[in-house]
2 protein chains.
Amino acid sequence: MDLFHALSDEDGKFSGLEKKLAQLVLDDVDFAVNSSILDLAERAGVSPPTVTRFCRRLGCQGYSDFKVQLAKMTYVGLRYLKPETPTATPAEVAEDIVTKAQNALFQLHRQLDIDVLDKAAHLLRGAEFIQAFGASGNSAMIVNELHNRLFRLGCRINASNDHNMNMMLSAAAGPGTVVFGSSFTGRDQGLVHCLELARQRVIPTIVITQSNSPVARAADVVIAIDLPEGKNIFRPTSTRYAYLAAIDILANLVAYADRSRALKALRSIKEELVSRRDGDDRQLLGD
Amino acid sequence: MDLFHALSDEDGKFSGLEKKLAQLVLDDVDFAVNSSILDLAERAGVSPPTVTRFCRRLGCQGYSDFKVQLAKMTYVGLRYLKPETPTATPAEVAEDIVTKAQNALFQLHRQLDIDVLDKAAHLLRGAEFIQAFGASGNSAMIVNELHNRLFRLGCRINASNDHNMNMMLSAAAGPGTVVFGSSFTGRDQGLVHCLELARQRVIPTIVITQSNSPVARAADVVIAIDLPEGKNIFRPTSTRYAYLAAIDILANLVAYADRSRALKALRSIKEELVSRRDGDDRQLLGD
DNA sequence: GCATTCTATGAAAATAAATTTCTTGGGGTA
DNA sequence: TACCCCAAGAAATTTATTTTCATAGAATGC
């Protein structure tokens, strides 16, 4: 049953007052979720029985059931984590992945230390140059994303995914540089080494990793992400979504930390894209 | 208020029966969400007033409020989309990004055509070689992720983010090759050209893009993703989360389509990682 | 064009649900 | 031993929800 769909009345089965009710509910879900049937009826200018009937038409058992469904729906539909079945159908695979991704985002939001993130953003914004290190598929993606976001904001940044290269880059880093590292496990020895090199050179370091890990201990600013890992080895880790969101938030804070610089850089990029393509600026800032 | 936290009774404020209630609720959220106070009381072996008091202690207004909060919580906390305030605090930025990411995942799940995905998975699994094209930051990330997931499953795959290169690769593609393309906007002319080249050579093509776009029209199998774009130019598009999830699902389906090959490949990679590092196999399959 | 049927709706009644008040009994404390 | 406090339930009360019944208007059939 899909309340979201039902409320939009695509089949046109609602009566006049029911349409009014649906509109009211969609306009102010909070109110509907928190009020009694009498309040809702009064505000909609209908009688309580009409509300009950409305709920039934939507496929709910009654008003309380409706409220529960509504609460679920508006807070993003997501099944509870089910034990994994070995014979998963494609639909189950899809649901499982989406569920876990949403869960990872939820957990991220719960445990994210905004102050640390803000501190990191200001450090990045003030940097003359940023070296971003992350190896293996996942962390590589993360630092590449950081690169992809920050260069648009006028930051000078290089992302590198090669251990030996990282080492040389760290050893060569001069004043004004900030080193950024990503490690999902927190046990990337190569990254730890780079961070130590940076520390020797009094270069500030930021990492996104598990707290209380070797990588975390080697850095100045730690964006801690502690999520349980799944067990299905076929399944890519849902932790990536959490990391990606953290990077997105970070990039935003960097943008806000120096709005004018960010705007200027974005504008140039956009102009270039628009003038070189078909003039359709829906492309915005990259495919 | 954080019901999740409250239910775990970290402050040890629960009485004996309240602990029992909390356990019952956590064990079977579905039951709690769908039953009346009498049912819940009976199943927990307590009186209804005890349940009411329990709800109050959890910070809820009463039993109905408790049910609503519970429904929200278990379906992943997520605020309704708020209009964006120009003077966003870091916390608001974080919430907004997480919200939109979850929303993108929700929408993806609602509109995803599993059969198409499954078809694409079988095509990829049967391919002798896969060329994956995606340019600019976002699509580049997507095809790199595809590469990152599929090579682990024993697929022969190359990801390329360079237009000219893609063109040459398409022109040189031989029988047994499958071309995969990603474009968020669906208007990547270079990609369209590659797809046309492939079509001339009777090479099957799969794209992940907006439906009814030039890219979609040029491909054999279309994984359609149609999400509204945000307007904040500072903000990276939340669509990325949806694409990423689609790729994850796709990779899973490829793995399940040929379990033994996938397992074999994964096992070799894992052995290599474990033997070369500190023997800690928590690293699993890449940082 | 009138009668009939159907549908939407509300009023009132009935039921069910939730909460408050009052009470009890067990554990601790002076 | 007497007192107090707290957890917990029974009964009473209040509140919320649903059902039943009645009505008016719209649609349909003859």
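Chain identifiers are assigned alphabetically (A, B, ...) following the order of the sequence lines, protein sequences preceding nucleic acid strands; residue numbering begins at 1 within each chain. For clarity, every value in this text was computed on a predicted model and none was experimentally measured.
- When A/T209, A/L227, A/I208, A/I142 are each tested for a side chain to side chain contact (heavy atoms under 4.5 Å, CB included) with A/F184, only one passes: A/I142.
- Here the P atom of nucleotide D/dT17 and the CD atom of A/E42 are 14 Å apart, to the nearest Å.
- Under 4.0 Å is where a charged nitrogen must lie from a carboxylate oxygen, and between A/D96 and A/K100 at least one such pair does.
- Atom P of nucleotide C/dA8 and atom NZ of A/K19 are separated by 11 Å, given to the nearest angstrom.
- Side-chain nitrogen and oxygen atoms of A/S47 include none within less than 4.0 Å of the OP1 or OP2 phosphate oxygen of C/dA11.
- Residues forming a ring-ring contact (aromatic ring centres under 6.0 Å, His included) with A/Y241 (at least two apart in sequence, or on another chain): none.
- Nucleic acid contact for B/V46: sugar-phosphate only, since backbone atoms but no base atoms lie under 4.0 Å from a heavy atom of the residue.
- Here the CG atom belonging to A/L40 is positioned 6.0 Å from the CG atom belonging to A/L21, to the nearest 0.5 angstrom.
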Subject >> Base-contact (B) and sugar-phosphate-only (S) positions in nucleotides 12-28 of chain C, heavy-atom cut-off under 4.0 Å, - elsewhere >> reply: -----SSBB--------
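- Residues satisfying the side-chain hydrogen bond (donor to acceptor under 3.5 Å, both in side chains) test with A/R57, not counting sequence neighbours, are A/E18.
- Using a 3.5 Å distance cut-off with no hydrogens or angles, the side chains of B/D65 and B/Q69 do pair a donor with an acceptor.
- Whole-Å rounding puts the A/F54 CZ to D/dT18 P distance at 14 Å.
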